[in-house]
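Reviewing the structure listed below.
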Amino acid sequence: VILGGGDGTINYVLSSLVKTQLPMLLFPLGTANLLARSFNLKAELKELLDLVENGETVPMDLGMVNGIYF
């Protein structure tokens, strides 16, 4: 799943991604992009396409409070 957005977009779809166990690639178009910065992702289409073609998956830790993932 390729998400165009930022941290808020991830929060919005996170529970669905956890349920389906689909991998996610973030195309950082949000305001703060804290997660994208943590993984050194840039809003460059060529880099995104290279990651889709040759990228590797990286596991992430998740937490949950009151039934909401973060």
Side-chain angles (χ1 to χ4, degrees):
V1 175
I2 299 173
L3 295 177
D7 302 321
T9 303
I10 294 168
N11 286 333
Y12 186 75
V13 300
L14 191 54
S15 63
S16 296
L17 289 173
V18 169
K19 289 176 191 172
T20 61
Q21 294 293 299
L22 292 171
M24 172 192 77
L25 176 60
L26 180 62
F27 189 52
L29 300 173
T31 304
N33 294 315
L34 296 176
L35 184 66
R37 280 194 238 161
S38 297
F39 286 98
N40 236 2
L41 297 174
K42 296 171 184 57
E44 297 177 14
L45 188 55
K46 171 139 178 38
E47 182 176 316
L48 173 74
L49 295 174
D50 287 345
L51 287 171
V52 169
E53 188 172 306
N54 304 312
E56 63 184 67
T57 58
V58 178
M60 292 176 41
D61 292 327
L62 297 176
M64 181 185 279
V65 173
N66 296 330
I68 300 172
Y69 287 103
F70 65 93

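Index from 1, following the sequence.
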Could you walk me through whether Leu35 and Met60 pass side-chain contact (heavy atoms from CB on, under 4.5 Å), step by step?
CA-CA 11 Å; Leu35 184 66; Met60 292 176 41; 3.9 Å; yes

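- Hydrophobic clustering (side-chain heavy atoms under 4.5 Å, transitive across Ile, Leu, Val, Met, Phe, Trp, Tyr) groups Val52 together with Val58.
- Note that CG of Asn40 is 8.0 Å distant from CD of Glu47, once rounded to the nearest 0.5 Å.
- Taking CG of Leu25 as the reference point, atom CG of Leu49 lies at 9.5 Å (rounded to 0.5 Å).
- Looking at Leu41 and Leu51, their side chains come closer than 4.5 Å, going by heavy atoms from C-beta outward.
- Side chains of Thr20 and Val1 form no contact here, defined as non-hydrogen atoms less than 4.5 Å apart.
- Side-chain atoms of Met24 and Ile10, non-hydrogen and from C-beta on, do get closer than 4.5 Å to each other.
- The neighbour count for Tyr12 OH, taken as heavy atoms of other residues, nucleotides or ligands under 6.0 Å away, does not exceed 12.
- Smallest separation of non-hydrogen atoms from Phe27 and Glu44: CE1-N, 3.7 Å.
- The structure places CZ of Arg37 at 8.5 Å from CG of Asp7, a figure rounded to the nearest 0.5 Å.
- Summarising the geometry, atom CG belonging to Leu48 is positioned 11.5 Å from atom CD belonging to Glu53; distances are rounded to the nearest 0.5 Å.
- When hydrophobic clusters are built by joining Ile, Leu, Val, Met, Phe, Trp and Tyr residues whose side-chain heavy atoms come closer than 4.5 Å, directly or via intermediates, Leu62 is not grouped with Val65.
- Nearest heavy-atom pair across Leu29 and Gly4 is CD1-CA, 4.0 Å.
- Hydrophobic clustering (side-chain heavy atoms under 4.5 Å, transitive across Ile, Leu, Val, Met, Phe, Trp, Tyr) keeps Leu17 apart from Leu34.
- The two residues Gly5 and Asn33 make their nearest non-hydrogen contact at O-OD1, 3.4 Å.
- Closest approach of Lys42 and Pro28 over heavy atoms only: C-CG, 3.6 Å.
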